[in-house]
Amino acid sequence: RQRHTVRGRARDNVAVAKVEVKSRLQKGWRKVQLKPSGSFRFKTKRLKSGKNLHRFRAIDTSGNRSKVLKARPTGS
(Lines give C-alpha, C1' and ligand atoms only; values in the text may rest on other atoms or scores of the structure.)
Protein backbone atom coordinates (compact mmCIF):
# COMPACT_ATOMS: atom_id res chain seq x y z
CA ARG A 1 0.00 0.00 0.00
CA GLN A 2 1.29 3.40 -0.91
CA ARG A 3 1.18 6.15 1.71
CA HIS A 4 2.44 9.67 2.12
CA THR A 5 2.23 12.48 4.67
CA VAL A 6 0.78 15.91 3.93
CA ARG A 7 1.99 18.72 6.18
CA GLY A 8 0.75 22.28 6.36
CA ARG A 9 0.31 25.34 8.50
CA ALA A 10 -2.67 27.60 9.15
CA ARG A 11 -1.47 31.16 8.52
CA ASP A 12 -3.97 32.85 10.85
CA ASN A 13 -4.40 30.32 13.62
CA VAL A 14 -5.75 32.66 16.33
CA ALA A 15 -9.36 31.48 16.08
CA VAL A 16 -8.96 28.27 14.04
CA ALA A 17 -10.79 25.46 15.82
CA LYS A 18 -9.99 22.64 13.40
CA VAL A 19 -8.64 21.75 9.98
CA GLU A 20 -10.36 19.13 7.82
CA VAL A 21 -9.12 17.17 4.83
CA LYS A 22 -10.82 15.20 2.08
CA SER A 23 -8.88 12.94 -0.26
CA ARG A 24 -9.94 11.46 -3.57
CA LEU A 25 -10.45 7.92 -2.23
CA GLN A 26 -12.08 9.04 1.02
CA LYS A 27 -15.73 9.74 1.76
CA GLY A 28 -16.49 12.85 3.75
CA TRP A 29 -14.25 15.30 5.59
CA ARG A 30 -11.82 14.07 8.26
CA LYS A 31 -10.51 16.13 11.16
CA VAL A 32 -6.74 16.68 11.14
CA GLN A 33 -4.72 17.06 14.33
CA LEU A 34 -3.96 20.78 14.71
CA LYS A 35 -1.10 21.91 16.96
CA PRO A 36 -1.26 25.24 18.87
CA SER A 37 1.36 26.65 16.48
CA GLY A 38 -1.09 26.16 13.59
CA SER A 39 0.78 23.29 11.96
CA PHE A 40 -0.95 20.06 11.02
CA ARG A 41 -0.10 16.67 9.55
CA PHE A 42 -2.24 14.17 7.67
CA LYS A 43 -1.19 10.63 6.66
CA THR A 44 -2.95 9.04 3.72
CA LYS A 45 -3.81 5.35 3.85
CA ARG A 46 -4.57 4.71 0.19
CA LEU A 47 -3.30 6.35 -2.97
CA LYS A 48 -4.25 6.03 -6.59
CA SER A 49 -1.51 6.48 -9.16
CA GLY A 50 -1.59 9.91 -10.79
CA LYS A 51 -4.91 10.98 -9.25
CA ASN A 52 -3.99 12.07 -5.72
CA LEU A 53 -5.73 15.32 -4.82
CA HIS A 54 -6.31 16.55 -1.29
CA ARG A 55 -8.73 19.29 -0.27
CA PHE A 56 -8.25 21.24 2.95
CA ARG A 57 -10.45 23.69 4.83
CA ALA A 58 -10.25 25.40 8.21
CA ILE A 59 -13.14 26.05 10.57
CA ASP A 60 -12.92 28.79 13.19
CA THR A 61 -14.48 28.94 16.64
CA SER A 62 -17.60 30.69 15.24
CA GLY A 63 -18.22 27.88 12.74
CA ASN A 64 -17.14 29.81 9.65
CA ARG A 65 -15.41 27.74 6.97
CA SER A 66 -12.48 28.90 4.90
CA LYS A 67 -12.16 28.57 1.16
CA VAL A 68 -11.22 25.00 0.17
CA LEU A 69 -7.59 24.71 -0.83
CA LYS A 70 -6.49 21.94 -3.18
CA ALA A 71 -3.09 20.27 -3.03
CA ARG A 72 -1.64 17.71 -5.38
CA PRO A 73 1.49 16.01 -4.03
CA THR A 74 4.53 16.21 -6.28
CA GLY A 75 5.46 12.98 -7.95
CA SER A 76 1.88 11.65 -8.07
Side-chain angles (χ1 to χ4, degrees):
R1 296 178 128 184
Q2 295 179 341
R3 297 174 186 218
H4 65 244
T5 302
V6 179
R7 296 173 192 205
R9 168 169 273 184
R11 284 185 248 157
D12 180 17
N13 65 335
V14 176
V16 173
K18 63 183 173 178
V19 174
E20 295 178 329
V21 64
K22 183 176 182 182
S23 294
R24 183 173 176 84
L25 297 174
Q26 171 186 344
K27 293 182 181 179
W29 291 90
R30 305 244 174 154
K31 187 176 177 183
V32 177
Q33 183 179 2
L34 181 66
K35 293 183 179 179
S37 64
S39 62
F40 60 88
R41 184 171 65 186
F42 170 73
K43 288 187 180 184
T44 63
K45 294 183 180 178
R46 295 179 288 163
L47 298 177
K48 193 168 186 176
S49 179
K51 300 190 185 257
N52 300 307
L53 182 67
H54 305 292
R55 293 174 179 87
F56 294 91
R57 69 181 180 190
I59 300 175
D60 66 8
T61 53
S62 300
N64 300 320
R65 293 186 193 137
S66 70
K67 180 180 172 184
V68 175
L69 295 175
K70 296 177 184 177
R72 185 177 307 277
T74 57
S76 61

Residues in ring-ring contact (aromatic ring centres under 6.0 Å, His included) contact with Phe56, at least two apart in sequence or another chain | Phe40

When rounded to the nearest 0.5 angstrom, what is the spacing between OG in Ser66 and CG in Asp60?
-> 9.0 Å

Residues clustering with Trp29 (ILVMFWY side chains joined when closer than 4.5 Å, directly or via others) | Val68

side-chain hydrogen bond (donor to acceptor under 3.5 Å, both in side chains) partners of Arg57, counting only residues at least two apart | Glu20

Not counting sequence neighbours, which residues clear side chain to side chain contact (heavy atoms under 4.5 Å, CB included) with Lys70? List them please.
-> Leu53, Arg55

Heavy-atom nearest pair, Ala58 first then Val16, reads CB-CG1, 4.3 Å

Taking side chain as C-beta onward, heavy atoms only, is Asn64 less than 4.5 Å from Ile59?
-> no

